[in-house]
Amino acid sequence: MTTIRLHNTRTRKREDFVPISADDVRMYVCGPTVYDRAHIGNARPVIVFDLLYRLLRHVYGPGHVSYVRNFTDVDDKINARAAESGRSIGEITAETTRWFLQDMAAVGALEPSLKGAEHDRAMPRATAYIDEMIAMIQDLVSKDHAYAAEGHVLFRVRSYAEYGALSGRSVDDMIAGARVEVAPYKEDPMDFVLWKPSDAETPGWDSPWGRGRPGWHIECSAMAEALLGDTFDIHGGGNDLTFPHHENEIAQSKCAGHGFANVWMHNEMLQVEGRKMSKSLGNFFTLNDLLEQGVPGEVIRFVFLSTHYRKPMDWTDKKRDEAERVLRKWYTQVAGDETTAPPAEAVDLLADDLNSHGVLTLCHRLSGENDVAGLRGALVLLGLLDDKIPDWAVEQAYDLTDVEAFLSDARVTAMETKDFAEVDRIKTALTALGIEVQMSKDGVKLKAPPGFDGTGLEGVL
RNA sequence: GGCGAGUUGGCGGAGUGGUUACGCAGCGGAUUGCAAAUCCGUGUACAGGAGUUCGAUUCUCCUACUCGCCUCCA
């Protein structure tokens with residue numbers, strides 16, 4: 001069996017991956033807070049961990065992998081969005097969740113699944129696990145790892161000696177550098193909220209500490225335990241979550257007596273044209289914006305896969321264009337073929353800490369060798385190809401036979417008279433329309449650009 | 001200030017203790033009426049310094065620079 005090697009943030013080393021149970025390999029990835037469209041950066045962890053999910057399914061079998069990704073549907077940003085828009089929270093979270101799934105499906109991400117369970121249980125909504133969160137908080141309070149104060153419940157960070165191990169910082173350093181306004185009810189500035197009170201307008205649930213809502217960190221700890229058990233294999237997310245989110249998850253779960261995750265994986269951030277994406281720089285856009293502009297999801301995925309997940313990735317128009325050209329070529333090449341197992345070399349590359357770029361390089365080679373089956377298998381493994389070639393890459397059906405004949409006739413005449421003026425005129429005009437003109441001994445061949453509808457041809461004939 | 005990741009040819013981007021991939025662009029050639037497409041060929045780049053070593057781009061340390069995180073942003 002292929003040995004997968006993964007970089008573990010916890011140990012800062014690339015390690016052989018040994019699942020707790022090869023019968024059910026379990027992975028948890030932090031999902032979105034559903035208050036708005038997913039921006040392009042949100043797609044990176046989704047694509048990265050989708051790739052890992054596909055690799056795990058390939059190595060251990062599709063029925064032997066459990067992958068959970070949550071939706072955070074209780075959050076102050078959602079509350080704020082509801083207040084400013086006048087819409088209900090339920091409406092906003094339902095719509096945003098739908099958008100998220102559509103956008104991620106467009107970039108080839110499989111939906112998570114849980115071995116032996118209903119499919120949608122693998123994508124838990126935080127609000128469906130409030131009872132589990134309350135139970136976990138009660139447990140932490142009973143073990144003295146948490147305390148109630150003024151309607152809040154706070155995690156006592158000093159009670160967990162290992163706090164900071166994942167992100168490599170000491171509690172004292174954190175306090176020294178913290179720009180935190182310390183709430184008066186906190187025993188220690190580093191303590192974080194497990195539960196907070198809700199007023200009448202804010203969503204809330206009854207609890208031993210009064211009506212309130214959970215803090216963000218406890219959600220993932222509770223849902224991971226409920227769905228994957230108290231010890232599982234891989235926990236993933238963007239590297240901006242390493243601290244404090246993942247550090248806090250570890251503290252909560254470990255103190256509750258769970259083994260929690262063995263391997264921690266973090267993807268690097270995404271930049272746009274060399275700069276951090278932000279609304280103030282005007283380079284902020286959503287996945288949906290790109291899709292609406294006609295950028296195919298496969299092209300977006302290709303660009304993401306062309307940089308290793310642990311390196312910063314830059315989204316540029318140049319990369320987008322190049323990705324489209326390459327994919328169009330490959331898709332044309334593998335069209336009509338049957339999908340077979342991916343080349344072992346492709347699997348090995350991916351197994352080496354997800355060397356997706358290496359697999360793309362291999363695809364270039366397979367394409368050059370015209371190894372259609374290998375190329376197709378590799379593309380399927382990468383999630384760049386399903387059963388059929390995407391519509392945008394299918395050779396355009398626009399019939400140019402008449403034009404080909406017309407040009408061919410003119411060319412035959414020109415060959416005799418040695419006067420190529422008319423042929424050149426036609427060629428130039430066709431090229432201006434975006435049509436690719438190929439002339440050889442065998443005759444004339446024309447290729448219409450994507451979406452060509454014949455407009456402008458009357459001026460040529 | 002602390003912590004983390006990164007720095008490879010014109011651009012993108014892999015990888016390796018000892019001849020550095022691959023893609024794009026460029027250049028040369030084949031082919032073509034000319035092109036396009038295709039094919040062939042072509043590039044002495046590994047941030048700087050010190051150390052370990054017979055030998056380092058690859059390991060260690062230091063410096064510089066870039067990016068991210070430091071209470072809820074993937």
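In the text below, chain A, chain B and the rest are named by the order of the sequence lines, each starting its count at 1.
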Centres of the [X] and [Y] rings: under 6.0 Å?
| X | Y | answer |
| --- | --- | --- |
| A:F284 | A:H39 | yes |
| A:H7 | A:H266 | no |
| A:W195 | A:H152 | no |
| A:H246 | A:H235 | yes |

* Side-chain donor/acceptor of A:K77 to base of B:C73, under 3.5 Å -> no
* Among the candidates B:C11, B:A21, B:C34, find the nucleotide nearest to the side-chain atoms of A:K318. => B:C11
* Structure fact -> Side-chain contact check for A:M415: nearest option of B:A14, B:G33, B:G68 is B:G33
* Does a salt bridge link A:R125 with A:D73, judged by any charged N lying under 4.0 Å from a carboxylate O? -> no
* Asked: Does the pair A:E15/A:R5 count as a salt bridge with the N-to-O cut at 4.0 Å?
  -> no
* Asked: Looking for any heavy atom pair under 4.0 Å, which part of the strands does A:H364 touch: base, sugar-phosphate only, or nothing?
  -> sugar-phosphate
* To do: Mind checking A:T307 for me? I need base, sugar-phosphate or nothing, with any heavy atom below 4.0 Å counting as a touch.
  => sugar-phosphate
* **Secondary structure of RNA chain B in dot-bracket form (Watson-Crick or G-U wobble, distances below 3.5 Å, | marking inter-strand pairs)** => (((((((..(((.....[...))).(((((.......)))))....(((((..]....))))))))))))....
